[in-house]
Amino acid sequence: MTVIDMVNNKPYRLTPVDAPAPDPVLVEIVAGYLASVEMEVETAIARTSRSPMIRDAHDFRAGIYDRNMRKLTGRSYSALVQPVVRDFPIDTMKPGDVFFHNDVYLSEGGIGHLPDLCVTVPVFATLPGADEPSVVAFVQAFGHHDDIGGCCPGSMPSGATSVYEEGLMVPPIKLWDQGVPNEAALRIMTRNSRMPDALAADLDAECSACLMGARRLTELFARYGVETIEGCFDASMDACTETYRREILSKIPVGEYTWEDYAEHDGVDEPMLHVQRITMTKTAPEDEGGERLILDFTGTGPQAKGPINHCGDYSDGNFLAKWLAPVLRSLADTPERMAELDVNEGIIPLIEMKFPEPGTLITPIFPAPTNARTFVILRLLGVLTGAIAKAVDGNMPADQETIRYTGVYGEDFEGQSYLMREVLGGGSGGRYYADGEDTIHVVPDSRNLPTEFTESRFPFIVEKLGLAKDSGGAGRYRGGLGYEKHIRMLKDAHFMSIADRSILACWGVKGGKAGSPFSVVINPGEPNERLFDALTDAEPIRAGETFRIRTTGGGGWGDPLERPIDEVERDVLWNKVSREAAATDYGVVIAEGEANADASASEKLRGEMRGARADNEPFFDRGPGYERLSGGAKFAKYDFLDS
C-alpha cells in the first residue's frame, strides 16, 4: 500500500475521504478535550504513584489513540497499542479491562527496555445502529519504574549480554478483567521487584488513571456522537499531514542526504564507534508515493553484544517514525510556530522507513539486550538532525544528549534497602537564531529530583547543584550547559550509571564546536580522585566520599569568533564561560578582575585564530573524542556538505 493509499483508504481513516468536513470549531474543541484528558491522566499518576522515578522525576507519558490505533495527541511520544490488539482482538475487549506489557520484543517497538511498563485501557461507546457499546479509542500510560527484577538494582545492567538478565518480561496480558485486578499477575510482578511496594502503588496509579481517562472519553463520544468525533479525529490527522507537508517538507530540497553518528560503548566490548546512519531522501510532489521523506537506515552497525540495541523495525517503524518526527519542527518559520506544531499519527504518511536486515543496532535479534537503548534512539534524533542540516545549509540545531541515568543504592540508616536513580538532563544545541537551553530533558515535564526530598529519604547530602561551566560548545550561538551535581555519601553504598557521550561529545555545526562530554569523578580535587566509568552497575563509594556528576553540554552553532564580544562578556559574568575559555574558544580577552574585554587584544587574537584555520574545515565538529575512537581521524566521511 502506497502512502497515498494509506491516507485515502481504511483502516488508516475512520471516515470516508468524501465525507462532509466537520465543524472546524468542534475539531479544535475535541483536540483541546483530548489534550486535557491526557494531562489529567498524567496529573493523576503523578499524585498517586509512589516511586521517585514516576512521582518526582515524572519519567512517564500518557497517550490517547483511536480504534485504528492512531495516536491522537501530540504533546509527547508514547508507546503503541498494536501489541495489545494483536494479542487481544478488539471485539473481545470489555469495559473495565486493563492490559499490561513490558516485553521489548513483543511491544512492536513501543517499549525500549523492561523498566518501561505499559498500561492500556479501551474506551467504549455505542456506534450508530448498534445495541452494545464497542471499542472506539484507547488510553495508555507507560513509564520508567524503579525495578522489575534482573541481575542488578534498577533492572538496567550495563554489562548485560541478553534480555534475560534485564528483568521480568511480560507480554501483553489482561491485568484487569472487567474491573477485577488479576492478583496473581500482580503478585508475580511485585515478587520479582526489589521495590515491590512502590511497583504495586505505581501500577495501581496508572491503571486507575487510565480508567478515569477512558470514562472522560466515553463522555465525549456520548455528547457529540461517535461519527462526529471520529470525523474530528480524521480532520486532526489530515491537518497534521498537510501542515507538515506545507510548512516543513517544502523547506527541504529534493535530494538525498546522508549522515551518521555513533554510540561509544556497549558495556561489554571496549569503546568503539557503533555506527547509526540515516540516508534521507526528500521526494518530489509528483513522485508515485507522494511528497515525503524516506529514511533509510542501511549502514547502521551490527547488533551490539551489550545493551544498547533498539527494536526499531517493528510495525513498519511506526514508533521510531513518531519518535524522530519532532525534529522536523526545527524548520518552522519561527520558534513560536515550532512550539505550536504537535506530532500525531498524521505524520506517518510523510515518513517512509527502510530498515537493514535483522542483526543491527536497530534491528536486533531476540534475545539481544536493550536496557541502554537510549544510546541509539537519542543518537538517531541527532543523526536525522544532521542529515536535515546538510540539506538546509545548517539551519538546524546542533546536537544534544539529554538523558542519562545515574544513582546510588544500598541500605539506609534503618537497614532498609533503597535505590535513588535520577535522569539528569543536559544542554541543548545552539540554534541559528539563539543559544541552546541549559539543563533540559528530552522527556517533557521531567525533572531532577528535589534536593529536599532526596536528603530526607536517602543517606547522602547534595553539596552542590548548578550549571557546568564551559560545558556548552562554543559558537556564534553557544550550546546549552549541562548539570554539575556534587553528592556526599553519609553511608557506604554503590554508584551506578547508564550514560553515553563520555568520550564522544555533542557535535557542533556550521563552525560551531562540540560541547563537553559526560563525566563522573569521585573525590574531585583530592589525592584519591578517580574517574567512574559512564557504564557501571556497582562502583563502591564510602561514607564521607563525594562524587561529582557533570552532564553533557550542547554543541555550538556557527563560528564562535563571530559571537559578539558583549555576549561573551555576559557569559563570563554569569559564570557560564570561564575567562580562559573566552580567550581560547571565542578569542575574547578579559583580564582577571575585569568585567569588560580588551577590545584591541581581542581583535588581534581573533585575527590570529582565523589565520590558523585549515582551508577546508568540516561542516560538523565532533570534538577530540572522535579522534580517539576513529584510529586518529579527526572527522568522518559524511562531515562535509558534499558527502
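Between Phe620 and Tyr638, a ring centre-to-centre spacing not shorter than 6.0 Å is recorded. In this structure, the ring of Phe532 has its center no less than 6.0 angstrom from the ring center of Phe547. For an aromatic pair to be called close, the ring centres must be under 6.0 Å apart, and Tyr405 with His144 satisfies this.
The number of heavy-atom neighbours closer than 6.0 Å to CG of Asp316, taken from other residues, nucleotides and ligands shown, is 12 or below. No more than 12 heavy atoms of other residues, nucleotides or ligands sit less than 6.0 Å from atom CZ of Arg191. Atom NZ of Lys305 is surrounded by 12 or fewer heavy atoms from other residues, nucleotides or ligands within 6.0 Å.
Between Thr120 and Gln140, the side chains place a donor N or O and an acceptor N or O closer than 3.5 Å (distance only, hydrogens not considered). Using modelled atom types, one finds a donor on one side chain and an acceptor on the other under 3.5 Å when comparing Ser158 with Asp537.
Salt-bridge annotation for Lys322 and Glu345: present, with a side-chain N of the basic residue lying under 4.0 Å from a carboxylate O of the acidic one. Under a 4.0 Å N-O distance rule, the pair Arg501/Asp261 qualifies as a salt bridge. Remark: Asp97 engages Lys174 in a salt bridge, criterion side-chain N to carboxylate O under 4.0 Å.
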List the atom pairs, with distances to 0.1 Å, where a side-chain N or O of residues 366-373 and a protein N or O form a donor-acceptor pair under 3.5 Å, not counting sequence neighbours.
{"unit_1": "Thr370", "atom_1": "OG1", "unit_2": "Gly112", "atom_2": "O", "d": "3.0"}
{"unit_1": "Asn371", "atom_1": "ND2", "unit_2": "Pro157", "atom_2": "O", "d": "2.9"}
{"unit_1": "Asn371", "atom_1": "ND2", "unit_2": "Glu166", "atom_2": "OE2", "d": "2.7"}
{"unit_1": "Arg373", "atom_1": "NH1", "unit_2": "His113", "atom_2": "NE2", "d": "3.4"}
{"unit_1": "Arg373", "atom_1": "NH2", "unit_2": "Asp116", "atom_2": "OD2", "d": "3.2"}

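Ring orientation note: the planes of Phe375 and His265 are close to parallel, at an angle under 30° on the 30°/60° scale.
With sequence neighbours excluded, the residues forming a side-chain contact (heavy atoms from CB on, under 4.5 Å) with Arg628 are Ile503, listed by chain and number.
Each salt bridge (Lys or Arg N to Asp or Glu O under 4.0 Å) pair with one or both residues in residues 408-419, not counting sequence neighbours, would appear here, but there are none.
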